[in-house]
Amino acid sequence: MILFLPGFFLFIVIFCIFVRIYLSWPTRWCRSEKCLIGKTAVITGANTGIGYETALDFAKRGAKVILACRNKSKAEEARRKIIQETQNEKIFVRIVDMASFDSVRKFAKEMEETEDHIDILVNNAGAYGLEKKKTVDGHPLLMQVNYFSSFLLTNLVLDLLKKSTAGRIVNVSSMAGRKAGQFDVNKIDEFAPNNYDHAFSKLCNILFTIELAKRLRGAKVTTYSLHPGIIETGFYNNVTGLKNILFIIIIKLFSITREEGAQTPQTNIYCSVAKGIEKYNGEHFSCCQRVAPYKTATDAKLPQKLWEKTEKLVFKH
Ligand SMILES: NC(=O)c1ccc[n+]([C@@H]2O[C@H](COP(=O)([O-])OP(=O)(O)OC[C@H]3O[C@@H](n4cnc5c(N)ncnc54)[C@H](OP(=O)(O)O)[C@@H]3O)[C@@H](O)[C@H]2O)c1
Ligand SMILES: *[C@@H]1O[C@H](CO)[C@@H](O)[C@H](O)[C@H]1NC(C)=O
Ligand SMILES: *[C@@H]1O[C@H](CO)[C@@H](O)[C@H](O)[C@H]1NC(C)=O
Ligand SMILES: *[C@@H]1O[C@H](CO)[C@@H](O)[C@H](O)[C@H]1NC(C)=O
């Protein structure tokens, strides 16, 4: 016992050090100096976290940036900060609530009326650990916010993206997509077992990207999914379930914070601006490099099945 205790504490200390190093390991930096003057970028959930940092970077590159957010006052505040920091006045707020298909349609219609092209769409808005609630459209909230609504949004603005000289669609997924062992494409409209709602919705982003890339073949638009890295944002505030809460405690204690985490939007930026990645259309990225698709995402027919199922579900409204 006397020998056991110090060993145990040593183990805990070493374990903590490893977790901290792992979680704060800097991702690579996007070295592209691409200028975005004359380009239009749309970022959902751009008022805070990774979406905000991505918007800020695009603004520095001179883009016209559309902050697609659900809360007007939060979005206006983000707009003010971005203009103040970059002196780029072409920052606009548009309201979209990803928990409502009507709101997504209204947003897309506004885009059609006000924009003649979109060059970059970053599907970033996302939620984590929400209780098992349903949306006004009757779908599981996490699935609709993280996946169905970006599916709908992407499809509704696809024509605007095709008018770009080299449009890009970047889907912010997550390594959580990896966990999706028990994913069943026929059950996407139900709450997931084992609190896998978030993991499944993120897996859908990856699969969707694969299928979208296939459907975009021959167009000038390319699409990528990515894992942005782990960072303590508002993202982990509302969680339930013991396993998730343990996970959150580790994140809160050891992961890099927003302020330290300037590198966290780097993969978003990389997929949006880096030259020469078009040949990887549809593929998955992490740390500014292409990574092999997760095992569950390699069933050759799954992306197509998911697309067809989602299409029926989303366009019936
Ligand atoms: N942070 C991480 O460690 C991590 C890891 C892997 C993947 N990701 C992914 O990165 C993306 C951004 O995460 P984050 O860490 O930056 O989170 P965050 O700070 O919580 O930001 C999430 C953004 O999504 C918006 N949003 C949530 N529900 C919405 C809705 N119904 N309609 C419109 N917008 C909505 C939020 O708006 P409000 O401010 O109004 O709530 C906020 O702007 C997410 O897709 C997430 O899955 C993050
Ligand atoms: C928007 O956010 C502000 C500040 O957090 C909050 O006071 C307000 O109620 C929110 N508005 C809506 C419509 O959710
Ligand atoms: C991104 O995902 C959304 C849904 O997740 C989909 O509509 C869009 O076509 C996908 N593009 C990618 C890159 O997934
Ligand atoms: C998280 O919980 C707070 C307080 O319980 C609540 O006001 C907020 O709306 C929740 N956020 C989400 C994204 O559900």
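Whatever order the structure lists them in is the order used to number ligands and atoms, beginning at 1. The structure presented is a predicted model; accordingly, all values stated were derived computationally and were not measured.
Less than 4.0 angstrom separates some heavy atom of D97 from each of these atoms of ligand 1: 30 (C), 31 (N), 32 (N). Shown in contact with S73 at under 4.0 Å from a heavy atom are these atoms of ligand 2, numbered in order with element: 1 (C), 2 (O), 3 (C). Every atom of ligand 1 is numbered from 1 in the order shown, and the set under 4.0 Å from a heavy atom of T48 is 19 (O), 21 (O), 39 (O), 42 (C), 43 (O). Short contacts between ligand 1 and K74, defined as distances under 4.0 Å to a heavy atom of the residue, involve ligand atoms 38 (P), 39 (O), 40 (O), 41 (O). Within ligand 1, counting atoms from 1 as listed, the ones closer than 4.0 Å to a heavy atom of N47 are 37 (O), 38 (P), 39 (O), 42 (C), 43 (O). The ligand atoms of ligand 1 that sit less than 4.0 angstrom from a heavy atom of A99 are 31 (N). Counting atoms of ligand 2 from 1 in the listed order, those under 4.0 Å from a heavy atom of K74 are 2 (O), 5 (O).
Comparing heavy-atom distances from atom 12 (C) of ligand 1 across L226, N124, T135 singles out N124 as nearest. Relative to atom 26 (N) of ligand 1, the option among A125, G49, S149 with the closest non-hydrogen atom is A125. Relative to atom 38 (P) of ligand 1, the option among H227, R70, E53 with the closest non-hydrogen atom is R70.
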Between side-chain atoms of residues 183-190 and protein atoms elsewhere (two or more places apart, or another chain), which donor-acceptor pairs fall under 3.5 Å?
unit_1: D184; atom_1: OD1; unit_2: N186; atom_2: N; d: 2.8
unit_1: D189; atom_1: OD1; unit_2: H139; atom_2: ND1; d: 2.7
unit_1: D189; atom_1: OD2; unit_2: H139; atom_2: ND1; d: 3.3

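In this pair, F101 and F148 present their aromatic rings tilted. The plane angle is within the 30 to 60° band.
Using a 3.5 Å distance cut-off with no hydrogens or angles, the side chains of N281 and T223 do not pair a donor with an acceptor. Counted by atom type alone, E77 and N47 present zero donor-acceptor pairs between their side chains at under 3.5 Å. If you check the side chains of E278 and T222, you find no donor sitting under 3.5 Å from an acceptor. In the model, S225 has a side-chain atom that pairs as donor or acceptor with a side-chain atom of H284 under 3.5 Å.
For atom 9 (O) of ligand 2, the nearest protein heavy atom lies 4.0 Å or farther away. In this structure, atom 2 (O) of ligand 2 has a protein heavy-atom contact shorter than 4.0 Å.
Backbone and side-chain nitrogen or oxygen atoms of G45 are examined, and one is located within less than 3.5 angstrom of a nitrogen or oxygen of ligand 1. Below 3.5 Å of separation, one finds an N or O of I50 facing an N or O of ligand 1.
Ring-centre distance between Y224 and Y280: not below the 6.0 Å cut-off.
The nearest pair of heavy atoms linking T267 to C288 is OG1-N, 3.2 Å.
Hydrophobic cluster membership differs between V136 and F191, with clusters built from Ile, Leu, Val, Met, Phe, Trp and Tyr side chains linked at under 4.5 angstrom.
The proximity of V145 to ligand 1, defined as any non-hydrogen pair under 4.0 Å, is limited to the side chain. Proximity of V96 to ligand 1, defined as any heavy-atom pair under 4.0 Å, is confined to the backbone N, CA, C and O atoms.
Under the rule for a side chain to side chain donor-acceptor pair (under 3.5 Å), S103 has no partner lying at least two apart in sequence or in another chain.
Nearest to atom 13 (C) of ligand 2 among the protein's heavy atoms is N71 ND2, 4.4 Å.
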*Going through the distances and angles, do L153 and N155 end up as a side chain to side chain contact (heavy atoms under 4.5 Å, CB included)?*
CA-CA 5 Å; L153 177 62; N155 278 288; over 6 Å; no
